[in-house]
Amino acid sequence: AQSVTQPDIHITVSEGASLELRCNYSYGATPYLFWYVQSPGQGLQLLLKYFSGDTLVQGIKGFEAEFKRSQSSFNLRKPSVHWSDAAEYFCAVASGGGNKLTFGTGTQLKVEL
Amino acid sequence: DAMVIQNPRYQVTQFGKPVTLSCSQTLNHNVMYWYQQKSSQAPKLLFHYYDKDFNNEADTPDNFQSRRPNTSFCFLDIRSPGLGDAAMYLCATNAGGGTDTQYFGPGTRLTVL
């Protein structure tokens, strides 16, 4: 069965600093990978996704992620964090023909001004 | 314009009193999903409809049912809510392919008294 691990439950960074959120997955076939962001009391918004091709994926809001098959990782990065990036971030892997998303437990990002 | 709409945003019910949550979409997507997200946890898939075909997750309690009367609407029925069912319920849709993004609604926060 597929699974996603996000090792960091909470991360605090200063505004303007760089950010990396870790995600490791376990899946037998070629994974479809996603990063979603959730603001308090809101639904999930897609930041970016990877299916194939270039392993460095660009998303919205200045985020990017790199797929590393050898490490089973799909880490999310942003070069300069803004206070509005404070939210919870979920990594997910799709299976079942893409009709089932398995989420990691999320990383809560706090941004210090 | 809102693409996945959930009503109500907040629902309070009493222990054991049936409750129905509503989801509608303007995307004409084939697939509609219901997720349960408890506080500080990842969203957990309850079931999904691919067109009219209902797909229940193996560990979804029988207390949870769903209806999809047409392409646009999908309902989540909780027959006898318990205190442990208090959560955010998220509806999502996608077109049905493995590479298709799931679009999430804002969620309904259910409180059980």
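Every chain is numbered from 1, with letters handed out A, B, ... down the list of sequences.
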ask   = Considering residues at least two apart in sequence or located in another chain, which fulfil the salt bridge (Lys or Arg N to Asp or Glu O under 4.0 Å) criterion with B:Arg109?
value = none
query = Are A:Val37 and A:Ile9 grouped together when hydrophobic residues (ILVMFWY) are joined by side-chain heavy atoms under 4.5 angstrom apart?
reply = no
task = Identify the two heavy atoms, one from B:Gln102 and one from A:Tyr36, that lie closest to each other, and give their separation to 0.1 Å.
result = O-OH, 2.9 Å
query = Same hydrophobic cluster for A:Leu44 and A:Tyr32, using side-chain heavy-atom links shorter than 4.5 Å among ILVMFWY?
reply = yes
ask   = With the 4.5 Å side-chain cut-off for hydrophobic clustering, are B:Val31 and A:Phe51 part of the same group?
value = yes
task = Count the heavy atoms belonging to other residues, nucleotides or ligands that lie under 6.0 Å from CD of B:Gln14, then report whether that count exceeds 12.
result = no
query = Which residues satisfy the salt bridge (Lys or Arg N to Asp or Glu O under 4.0 Å) test with B:Asp77, sequence neighbours excluded?
reply = B:Arg67
query = Between A:Leu46 and chain B, which part of the residue has a heavy atom less than 4.5 Å away: side chain, backbone, both or neither?
reply = side chain
query = Does anything in residues 104-113 of chain A get under 4.5 Å of chain B by heavy atoms, and if so which residues?
reply = A:Gly104, A:Thr105
ask   = For the residue pair B:Pro43 and A:Phe103, what are the closest heavy atoms and their distance?
value = O-CD1, 3.6 Å
Under 4.5 Å from a heavy atom of chain B, the part of A:Gln6 involved = neither
ask   = Are A:Ile60 and A:Val81 connected, step by step, through hydrophobic side chains (Ile, Leu, Val, Met, Phe, Trp, Tyr) whose heavy atoms are closer than 4.5 Å?
value = yes
key: Joint cluster assignment, A:Tyr89 & A:Val4, ILVMFWY side-chain distance < 4.5 Å   = yes
inquiry  = Quick check: do B:Leu45 and A:Leu101 have side-chain heavy atoms less than 4.5 Å from each other?
reply    = no
ask   = Roughly how far apart are B:Leu90 CG and A:Gln38 CD, rounded to 0.5 Å?
value = 6.0 Å
ask   = When Ile, Leu, Val, Met, Phe, Trp and Tyr are grouped by side-chain heavy atoms lying under 4.5 Å apart, directly or through other members, which residues fall in the same group as B:Phe15?
value = B:Val19, B:Leu21, B:Trp34, B:Leu46, B:Phe47, B:Tyr49, B:Phe54, B:Phe64, B:Leu76, B:Ile78, B:Leu83, B:Tyr89, B:Leu110, B:Val112
Residue part contacting chain A, namely of B:Gln37, when any heavy atom lies under 4.5 Å = side chain
